[in-house]
Amino acid sequence: MAESPITARSKDFAAWYQDVVLSGDMAEPAEIVKGCMVIRANGYAVWEVLQRELDNRFKATGHQNMYFPLLIPKSFLEKEAEHVEGFAPELAVVTVAGGKELEEPYVIRPTSETIIGHFFAKWIQSWRDLPMLVNQWANVMRWELRTRMFLRTTEFLWQEGHTAHSSHDEAMEEVLRMLDVYADVAENIMAMPVIKGQKTRAEKFAGAEKTFSIEAMMQNGLALQAGTSHDLGQNFGKAFDVKFQSKEGQLDHVWQTSWGVSTRLVGGLIMSHSDDKGLVLPPKLAPTKAVLVPIYRKDEERAQVMEVASKIAKDIGAKLDEREGQTPGAKFYHWERRGVPVVLELGPRDIAAGNIVLKTRHTGAKEITTQEGIAERVPQVLEQMQAELYAAAKKRLDDNTVLANSIEQVEEILRPVTAEKGGGRFVMAHMKDDARCDARVKEFKATIRCIPLVDRFDGPGKCIVTGEQVDRRVVIAKAY
RNA sequence: CGGGCUGUGGCGCAGCCUGGCUAGCGCGCUUGCUUGGGGUGCAAGAGGUCCCGGGUUCAAAUCCCGGCAGCCCGACCA
């Protein structure tokens, strides 16, 4: 074995995840900085593709990128009561700078609602200034007690959208529009099916009126909150005195939203598609979609093979693996672990026959195609792979979504579930958005993931905890 | 932040309990030849603050104390 073997998913899911991240050249622990990671070349390249897909959609919906400071005066966070209460335990605070104790400490941003609120107040006077549609690509820091690469690290990369509107209706449209953007990227780019829903009051963002999320299911059946979109109401508008004068001449506080996705998406991607051989990347997200491995023995074969190989690689935009001193077999393993969707093999036999061998990552299937046909064939295979990965993930989600009609039943299903052993399910049950319900499922370490926006089941029913009438089933699961 | 496990060339480990000569092994790495359609073989080499800091001892990878980091569990969370 050239590199460390990958633990089987069935043996230990958590160890498998760690192995895939490491052997896929995605990231490694920063080791000298607690809870932080180094995002390595392959992992960062995937993040860059995600950024591009998201950023294009943000621009298309009228947002502009800006950048705000990393450091936020501590008093800013204290202006919104719920917000400070929610974030206080996980703040990193700068108290000394330039060799001197600061008069007012700074916090390293855990999110930027407050500092952006401050500037919105400065920039917004009239209804003509609205809506204000801003996005920021940034790093943030939350002092987490337990970290996992990509899924939860002390420092992480994300985007945070912040908007201000002249009415609550308009703000709500924005909240749901951006939730749709996230779902679109998750499903159509990442091939990761998600459930759109609203968080319970107990689970919502600190300082928001309402929080919406997309929830995905990992291969071990655990839920992953993959994106959030918040209706901030006028909470921050009031805290930072962001006021505008309406057409009618009335002075009112703005209605704000914020929404974000992070490098956590990369973790979700890994846990959605990868297998015991390593990383599997959906074609639309793969930084390298195809690699061509040339095969030869003697020098004259090499010359012949390389000539055709470099031409084909160039034609179809594949990376040519021309490393010397490594056998083709070693190269196959190398690219397999890194999740490259398609690997092409070209050797003397193919040269003689005018053929080329194509292998797809997710099935491991090999097919022989003509060299003339390969430029046409590769995109077909990639498209099919994208669809099959989504279908497999969707089937897993559907197969592991179950109904329950009593809290005991929910508990029976979810209590034994663990991250490393798996067996997770999305349990659909009628439950009220009430702190008693959140507390009850927490007894067996589960959470109400969301109240789905679309009811795919049987409509209203009685809450299995409080007995009160509710209009649909909620998603209950163990989560990352 | 509490509990458990772990930290030894790049990676995986042995040695630690029961302190003692030059710290081993497999893989990888370098050079050469060979091989090449799923991790080719042979030969010769390079590479180590034994996580860090104290302590005990004639002597510490090994024993003791403290710290740092990682993994798992718990509480908290994108």
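Numbers restart at 1 for each chain; the letters A, B, ... are given by sequence-line order, proteins then strands.
Base engagement by A:Q326 is indicated by at least one non-hydrogen atom pair under 4.0 Å involving a base atom. Contacts of A:D12 with the nucleic acid, taken as non-hydrogen atoms under 4.0 Å apart, are absent. A:R349 comes within contact range of at least one nucleobase, with a heavy-atom separation under 4.0 Å. Within the nucleic acid shown, A:G364 has no heavy atom closer than 4.0 Å to any nucleic acid atom. At a threshold of 4.0 angstrom between heavy atoms, the contacts of A:E144 include nucleobase atoms, whether or not backbone atoms are also involved. Heavy atoms of A:V293 sit nowhere under 4.0 angstrom from any nucleic acid atom. Among the atoms of the strands shown, none is found under 4.0 Å from any heavy atom of A:F205. Within 4.0 Å of A:E345, counting heavy atoms only, lies at least one base atom of the nucleic acid. Contact annotation for A:S262: base contact, defined as any heavy-atom pair under 4.0 Å involving a base atom. Using a 4.0 Å heavy-atom criterion, one finds that A:L224 contacts no nucleic acid atom at all. A:T153 comes within 4.0 angstrom of a base, heavy atoms only.
Remark: B:U40 base-pairs with no nucleotide; criterion is Watson-Crick or G-U wobble with both hydrogen-bond distances under 3.5 Å. Here B:C25 sits opposite B:G12 as a Watson-Crick or G-U wobble pair (both hydrogen-bonding atom distances under 3.5 Å). For B:U35, there is no paired nucleotide, since no Watson-Crick or G-U wobble pair has both relevant distances below 3.5 Å. Across all strands shown, B:A69 pairs with B:U6; the Watson-Crick or G-U wobble distances both stay below 3.5 Å. The partner of B:G74 is B:C1, by the rule that a Watson-Crick or G-U pair needs both atom distances under 3.5 Å.
Map A:V357 and A:G227 each onto its nearest nucleotide of RNA chain B; the residue landing nearer the 5' end is A:V357. Toward the 5' end of RNA chain B, the nearer of the two residues A:R142 and A:I356, judged by each one's closest nucleotide, is A:I356.
Between B:G47 and B:U56, the distance separating the two C1' atoms is 33 Å to the nearest Å. The gap from the C1' atom of B:G2 to that of B:A46 amounts to 46 Å, rounded to the nearest Å. Remark: the separation of the P atoms in B:C50 and B:G39 is 38 Å, to the nearest Å. When the P atom is compared between B:C25 and B:C33, the two are found 27 Å apart, to the nearest whole Å. Separating the C1' atom of B:U40 from that of B:U35 is a span of 5 Å, rounded to the nearest Å. B:G10 and B:G55 have their C1' atoms separated by 33 Å, given to the nearest Å. Atom C1' of B:G4 sits at a distance of 27 Å from the matching atom of B:G19, rounded to the whole Å. Comparing the C1' positions of B:G70 and B:G12 gives a spacing of 16 Å, expressed to the nearest Å.
With hydrogens and angles ignored, the 3.5 Å screen pairs a side-chain donor or acceptor of A:R201 with a backbone N or O of A:D433.
Per the geometry, NZ belonging to A:K331 stands 14 Å off C1' belonging to B:U40, to the nearest Å. If you take NZ of A:K34 and P of B:C68, they are 8 Å apart, rounded to a whole angstrom. Spacing between atom NZ of A:K478 and atom P of B:C76 amounts to 14 Å, rounded to whole angstrom units. Regarding A:D299, its CG atom lies at a distance of 10 Å from the P atom of B:U34, rounded to whole Å. Straight-line distance from the CG atom of A:L145 to the P atom of B:C1: 8 Å, rounded to whole Å. Between the CG atom of A:D350 and the P atom of B:G37 there is a distance of 13 Å, rounded to whole Å. As a whole-Å value, the separation of A:M192 CE from B:A78 P is 16 Å. The separation between A:R109 atom CZ and B:A78 atom C1' is 15 Å, rounded to whole Å.
Relative to the six-membered ring of A:W158, A:R142 meets both conditions, a distance below 6.0 Å and an angle of at most 45° to the axis. A cation-pi geometry, defined here as NZ or CZ lying under 6.0 Å from the six-membered ring centre and within 45° of its normal, holds between A:R302 and A:Y296.
Remark: A:R297 is in phosphate contact with B:G36, judged by side-chain N or O atoms under 4.0 Å from OP1 or OP2. Close to B:C76, at under 4.0 Å from its OP1 or OP2, lies a side-chain N or O of A:K442. Dashed line: the shortest gap from a side-chain N or O of A:K445 to OP1 or OP2 of B:A75 is under 4.0 Å. For A:T327 and B:U40, the shortest distance from a side-chain N or O to OP1 or OP2 is below 4.0 Å.
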Check against side-chain hydrogen bond (donor to acceptor under 3.5 Å, both in side chains), A:E113 and A:S258: CA-CA 8 Å; A:E113 275 75 7; A:S258 67; 2.6 Å; yes
A:T211 vs A:H230, side-chain hydrogen bond (donor to acceptor under 3.5 Å, both in side chains): CA-CA, chis, key distance, verdict: CA-CA 4 Å; A:T211 289; A:H230 313 291; 2.8 Å; yes
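Between A:H63 and A:W259, the ring planes are perpendicular. Angles over 60° get that label, and only those under 30° would be called parallel.
From A:L54, atom CG reaches atom CG of A:L50 across 6.0 Å, with rounding to the nearest 0.5 Å.
Each of A:Q51, A:M190, A:M26 was evaluated against A:V46; a single residue qualifies, A:M26, per the side-chain contact (heavy atoms from CB on, under 4.5 Å) test.
Picking from B:G37, B:C71, B:G39 the nucleotide with the shortest atom distance to the side chain of A:P328 gives B:G37.
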